Amino acid sequence: MLYATQAPVDLAALRRNLLAVRSLAGERQVLLAVKGNAYGHGAVDVALMVQRSGCADRLAVATVPEASELREAGVTLPILKLSHCFAEELPQAVRMELSLTVVDETTIRQAQAAAEAAGVTTPVHLKVDTGMRRIGAEPEEAAELVRLVDDSPNLHLEGIFTHPPVSDMADCHDWTVAELQGFRELVAGIEAERGPIELVHGAPSGVILGHDLTGMTLVRAGVMAYGYYPDASTPHTVPLEPVMSLVSRVSFIKRVDAGETVGYGRTWAPSRPSWIATVPVGYADGFSRANSNAGTMLIGGKAYPVAGRVCMDQTMVDLGPDDPTVQVGDEVVLMGAQGDERITADDLARIMGTISYEVTCLITPRVPRVYYDS
Ligand SMILES: *Cc1c(COP(=O)(O)O)cnc(C)c1O
């Protein structure tokens with residue numbers, strides 16, 4: 001018996017979004033970021049679908065355990081670890097044949113030592129920091145570090161990349177244009193010295209949707225593959241479909257009198273008698289407590305407001321004063337479409353004061369992901 005609360009994941013929608021990425025990327029390779037459990041969508045199932053269908057060429061993770069989960073499930077696609085490894089993680093990372101990110105002399109020497117110890121050649125990507133100020137080599141150091149990689153017998157310079165901080169924001173368009181132009185010139189200078197680098201990349205969704213990809217041979221899609229524009233101001237150059245929903249079922253219905261309170265803290269009371277539905281979903285499922293007295297849920301194609309505080313495992317909604325048509329067992333949509341109504345991760349993000357990325361990432365392992373093709 002499945003838990004009443006589930007997250008249906010539409011793999012066909014994910015494939016269509018990746019086709020949209022390909023339509024913008026042209027001949028370039030497409031990498032899909034599956035870090036954070038594929039932004040909450042389930043990394044193993046997403047990766048295996050990508051591998052079967054060929055709708056992306058490569059995958060990227062944030063951590064070694066994320067990559068290990070994929071390899072154990074039979075994922076043989078190239079996987080880039082987007083941040084550098086600590087030394088103690090390298091033996092396993094090299095054994096799994098990950099493409100490693102290097103950021104300085106130390107990380108290059110450590111990667112070389114690990115690859116040498118394993119008797120293999122390891123692909124590495126040099127991360128250059130062109131403005132995020134998070135990780136990466138200073139642009140002035142890049143040529144020198146490329147030489148160091150090229151001189152490391154067990155390393156193969158597979159790529160060079162950057163990650164722009166405001167590529168999704170329309171009012172920062174010119175700043176990103178200049179940033180990407182600087183990166184392009186930096187790479188051109190290095191390539192003039194040592195020949196072409198196979199994978200040149202600096203395009204997360206914001207760049208794929210709103211910027212010139214000249215000079216790049218790979219794009220790194222994340223949020224747009226899962227159906228969301230990274231920012232409301234990002235150019236909507238291709239249509240995207242949300243991939244994941246969050247649904248549950250009504251578990252209990254009762255009438256409360258005017259002035260009675262509902263839920264922890266007694267924060268909500270109707271001014272007239274009202275019918276209340278209880279739904280077995282709460283913040284332990286990733287339905288944020290910020291939805292208390294603020295969010296809505298769809299039942300029978302109609303939106304009903306959350307009444308009182310979201311609990312850990314249950315939440316109440318106000319069905320209003322009239323005899324309810326809603327019944328125990330009815331489907332409840334917390335994120336997704338029902339009838340003509342739709343609640344998106346962007347809608348939930350507005351209530352929570354965050355972005356769609358975090359909304360889908362926060363859906364917890366307790367919620368079974370149910371895969372289907374629309
Ligand atoms: C997560 C991530 C991406 C994908 O970004 P989106 O905005 O979700 O498209 C690309 N590159 C790097 C380095 C990342 O960490």
Side-chain angles (χ1 to χ4, degrees), residues 14 17-18 20-22 24-25 28-41 43 46-47 50 55-64 66-67 70 78-85 98-103 107 124-137 158-170 172 176 179-180 183 199-211 213 216-238 240-244 345-346 349 354-362:
L14 179 56
N17 292 335
L18 282 164
V21 173
R22 281 222 194 270
L24 295 171
R28 295 171 185 85
Q29 288 194 33
V30 172
L31 169 151
L32 175 64
V34 295
K35 64 196 185 193
N37 198 26
Y39 293 41
H41 294 65
V46 166
V50 166
C55 59
D57 307 296
R58 293 170 178 268
L59 302 170
V61 298
T63 72
V64 173
E66 285 179 338
L70 298 181
I79 300 175
L80 172 65
K81 186 182 180 303
L82 291 162
S83 49
H84 52 293
C85 287
L98 303 189
S99 295
L100 301 180
T101 291
V102 292
V103 292
T107 51
V124 301
H125 293 228
L126 177 65
K127 173 75 180 287
V128 184
D129 184 353
T130 56
M132 179 74 98
R133 308 317 270 150
R134 186 170 65 179
I135 56 167
E158 183 178 59
I160 184 165
F161 73 114
T162 185
H163 190 56
V166 286
S167 63
D168 56 333
M169 295 164 67
C172 302
T176 303
E179 181 189 24
L180 293 176
F183 176 64
L199 300 173
V200 178
H201 49 117
S205 296
V207 175
I208 299 171
L209 287 160
H211 286 273
L213 298 171
M216 298 186 203
T217 58
L218 170 106
V219 299
R220 300 189 306 265
V223 77
M224 70 179 289
Y226 302 107
Y228 290 96
Y229 301 93
D231 186 78
S233 72
T234 312
H236 290 24
T237 31
V238 287
L240 300 172
E241 304 168 55
V243 171
M244 181 160 61
D346 284 327
T354 182
I355 53 176
S356 65
Y357 298 66
E358 188 179 6
V359 173
T360 59
C361 278
L362 284 178

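Index from 1, following the sequence. Because the structure is predicted, anything quoted here is derived from the model rather than measured. For ligands, and for the atoms within them, numbers begin at 1 and follow the listed sequence.
Between R220 and the choices L32, I208, L82, the side chain to side chain contact (heavy atoms under 4.5 Å, CB included) rule is met once, by L82.
Counting only heavy atoms of the protein, atom 9 (O) of ligand 1 lies nearest to S205 OG, 2.5 Å. Among all non-hydrogen protein atoms, the one lying nearest atom 11 (N) of ligand 1 is R220 NE, 2.7 Å. In this structure, atom 7 (O) of ligand 1 lies nearest to the protein heavy atom Y357 OH, 2.6 Å.
Under 4.0 Å from ligand 1, not a single heavy atom of M224 appears.
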Exercise for review: Show your reasoning for whether side-chain contact (heavy atoms from CB on, under 4.5 Å) applies to Y39 and V46.
Suggested key: CA-CA 10 Å; Y39 293 41; V46 166; over 6 Å; no

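Checking only distances, K127 never comes within under 3.5 Å of ligand 1, N or O to N or O.
Atom numbering of ligand 1 starts at 1 in the shown order; those under 4.0 Å from a heavy atom of Y39 are 1 (C), 4 (C), 5 (O), 6 (P), 8 (O). Contact atoms of ligand 1 toward G222: 4 (C), 6 (P), 8 (O), 9 (O) (distance under 4.0 Å to a heavy atom of the residue). Near K35, meaning under 4.0 Å from any of its heavy atoms, are these atoms of ligand 1: 1 (C), 2 (C), 3 (C), 14 (C), 15 (O). The V223 neighbourhood of ligand 1 comprises atoms 6 (P), 8 (O), 9 (O), with distances under 4.0 Å to a heavy atom of that residue.
Ion pair D57/R28 not flagged as a salt bridge, since none of the NZ, NE, NH1 or NH2 atoms sits closer than 4.0 Å to an Asp/Glu carboxylate oxygen.
Side chain of N17 to main chain of A20: no donor-acceptor pair is present (N/O by atom type, distance under 3.5 Å, no hydrogens or angles). In this structure, E66 contributes its side chain and G36 its backbone to a donor-acceptor pair below 3.5 Å.
Nearest heavy-atom pair, S99 versus R58, reported as atom, atom and distance to 0.1 Å: OG-NH1, 4.4 Å.
Relative orientation of the H236 and Y229 rings is parallel, given thresholds of 30° and 60° on the angle between their planes.
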